[in-house]
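Each remark here refers to the structure printed beneath this line.
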Protein chains: 2
Amino acid sequence: MEPIQVYKCFCDVQRLRILNLLKDGPLCVCHLVEILGADQVKICKQLRYMKELGMLEDARVAQWKVYRLANATDPLLEENLKCLQDCYSEVITFKEDTQKRSAIALRMQKENAACAQAINS
Amino acid sequence: MEPIQVYKCFCDVQRLRILNLLKDGPLCVCHLVEILGADQVKICKQLRYMKELGMLEDARVAQWKVYRLANATDPLLEENLKCLQDCYSEVITFKEDTQKRSAIALRMQKENAACAQAINS
DNA sequence: AGTGCATATGCTGTCAATGGAAAATGAAAG
DNA sequence: CTTTCATTTTCCATTGACAGCATATGCACT
């Protein structure tokens, strides 16, 4: 992966937040939409962007589409997510996102939601 | 410095090469032009871009203008330059640039060039 | 086939970034 | 004060990224 392309990818807070979330495991689009509180179409486009870049992979589970980080993790990606967490937590809502993610996982366990398998597969 | 702005700055190989060079100490525009083998006006614009971003500082020495990294070094900047050197040395000509820089410094010592003080001030 | 939910695509206007050519500034030297 | 060298600015055309909206696809259930 060309470093310049990676940096272009990093130029959007939403993309950074998505990458940070996926770092802890796969998620389906509806979860990302809920956590980021953003337009579905927009999220979709970001996901496609990062998939074409080779950063993400996707898989279908029934109606849902599950995205995960691509296998070969880019050193730039890891370093930067760490650095952002350490130094820019007021600027990017990584912590809040991760908390929301836990809340969703919990809720789905209780409700035994159909979509739950997406997270745990 | 907003991380997004920093990443936008990183989206250009020439800017990365400039930052890498300045990490080892200040340089004047003419040296950067020589090392990067690029259009002088273009370099100028990049320098201005990074100065307005707060990443660089400049000072005049006679006819020459000397650029250096701003005092407060951004953790993102340091981390990324290191990471790029480690993992992408085939993609970005950091090593060659640094060698050229040494060659210039040496040559100027011999010639006792007027511009030399710029590097060493 | 027809409905509903989840996800994706296409199109269009807008705005920022980039490059090239020409002109302008600032400092030193004749 | 004119020339020269180093650097910067301005203007203009082009490109690329992005948001918004409408529309389309894919899958499951009936």
Side-chain angles (χ1 to χ4, degrees), chain A residues 2 4-18 22 26-53 55-68 104 108 111 113-119 121, chain B residues 2 4-18 22 26-53 55-68 104 108 111 113-119 121:
Chain A
E2 285 283 329
I4 298 296
Q5 292 309 113
V6 177
Y7 287 131
K8 281 191 184 161
C9 173
F10 289 171
C11 286
D12 184 284
V13 181
Q14 231 166 36
R15 284 196 288 264
L16 288 172
R17 289 170 67 192
I18 292 173
L22 294 183
L27 281 173
C28 75
V29 182
C30 60
H31 299 140
L32 287 168
V33 169
E34 181 176 347
I35 296 174
L36 300 187
D39 180 32
Q40 179 264 329
V41 172
K42 211 179 147 192
I43 301 279
C44 242
K45 285 179 182 171
Q46 310 273 33
L47 290 169
R48 183 189 181 183
Y49 176 105
M50 292 191 277
K51 183 187 162 191
E52 287 185 346
L53 217 145
M55 239 168 194
L56 303 186
E57 290 169 356
D58 62 347
R60 197 169 258 294
V61 179
Q63 304 103 318
W64 297 279
K65 202 114 172 226
V66 179
Y67 283 85
R68 68 184 68 232
I104 288 180
M108 295 212 310
E111 297 176 358
C115 182
Q117 51 185 319
I119 279 191
S121 66
Chain B
E2 285 285 327
I4 299 297
Q5 292 310 113
V6 176
Y7 288 131
K8 281 192 184 158
C9 172
F10 289 170
C11 286
D12 183 284
V13 182
Q14 231 167 36
R15 284 197 287 264
L16 288 172
R17 289 171 67 192
I18 292 173
L22 294 184
L27 281 173
C28 75
V29 182
C30 60
H31 298 138
L32 288 167
V33 169
E34 181 175 348
I35 296 173
L36 301 186
D39 179 31
Q40 182 264 330
V41 171
K42 210 178 150 194
I43 300 279
C44 232
K45 284 178 180 174
Q46 310 274 33
L47 291 169
R48 184 190 178 179
Y49 176 104
M50 293 192 275
K51 182 187 163 191
E52 286 183 348
L53 218 146
M55 240 167 192
L56 302 186
E57 290 168 355
D58 61 346
R60 199 168 253 296
V61 177
Q63 304 103 317
W64 298 280
K65 203 112 172 225
V66 179
Y67 283 85
R68 67 184 68 231
I104 288 180
M108 295 211 309
E111 297 178 358
C115 183
Q117 51 185 320
I119 280 191
S121 65

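Quick note on labels: first sequence line is chain A, next is B, and so on, each numbered from 1. The basis for the numbers below is simple: all heavy atoms, side chains too, and nothing from hydrogens, waters or symmetry mates.
Contacts of residues 34-43 of chain B with DNA chain D (heavy atom under 4.0 Å): B:Gln40, B:Val41.
Within the model, atoms CG of B:Asp39 and NZ of B:Lys45 stand 8.5 Å from one another, a figure rounded to the nearest 0.5 Å. With rounding to the nearest 0.5 angstrom, the SG atom of A:Cys28 is 11.0 Å from the CZ atom of A:Arg60. Within the model, atoms CD of B:Gln5 and CD of B:Glu52 stand 11.5 Å from one another, a figure rounded to the nearest 0.5 Å. One finds the CD1 atom of A:Ile35 at 9.5 Å from the CD1 atom of A:Ile43 (value rounded to the nearest 0.5 Å). Taken from CD1 in A:Ile4 to CZ in B:Arg15, the straight-line distance is 8.5 Å, to the nearest 0.5 Å. Note that CD of B:Glu57 and CE of B:Met50 are 13.5 Å apart. Values are rounded to the nearest 0.5 Å.
No side-chain donor-acceptor contact under 3.5 Å links B:Arg68 to the backbone of B:Ala59.
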Report task. Report, as a single string ordered 5' to 3', how protein heavy atoms within less than 4.0 Å touch nucleotides 24-29 of chain C: B base, S sugar-phosphate only, - not at all. Result -> ---SS-
Report task. Might you work through the side chain to side chain contact (heavy atoms under 4.5 Å, CB included) test for B:Leu16 and A:Tyr7, ending with a clear yes or no? Result -> CA-CA 11 Å; B:Leu16 288 172; A:Tyr7 287 131; 4.2 Å; yes
Requested in this report: Using the side chain to side chain contact (heavy atoms under 4.5 Å, CB included) rule, take A:Val6 and A:Met55 through it: C-alpha gap first, then chi angles, then the decisive distance, then the call.
Outcome: CA-CA 9 Å; A:Val6 177; A:Met55 239 168 194; 3.7 Å; yes
Report task. Using the side chain to side chain contact (heavy atoms under 4.5 Å, CB included) rule, take B:Lys8 and B:Tyr49 through it: C-alpha gap first, then chi angles, then the decisive distance, then the call. Result -> CA-CA 11 Å; B:Lys8 281 192 184 158; B:Tyr49 176 104; 3.8 Å; yes
Query raised in the report: Going through the checks in order, is the side chain to side chain contact (heavy atoms under 4.5 Å, CB included) test met by B:Asp58 and B:Leu47?
Result: CA-CA 9 Å; B:Asp58 61 346; B:Leu47 291 169; over 6 Å; no
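Following rounding to the nearest Å, B:Gln14 (CD) and C:dA17 (P) show an atom-to-atom distance of 17 Å. Atom P of nucleotide C:dT18 and atom CG of B:Leu47 are separated by 14 Å, given to the nearest angstrom. A:Tyr67 places its OH atom 11 Å from the C1' atom of C:dA6, with the value rounded to the nearest Å. One can place OH of A:Tyr49 at 18 Å from P of C:dG10, the figure rounded to the nearest angstrom.
In 5' to 3' order, the nucleotides of DNA chain D bounding all contacts with chain A (an atom under 4.0 Å from a heavy atom) are D:dC18 to D:dA28.
Residue contacts shown for B:Cys44 include a base, since a base heavy atom lies under 4.0 Å away.
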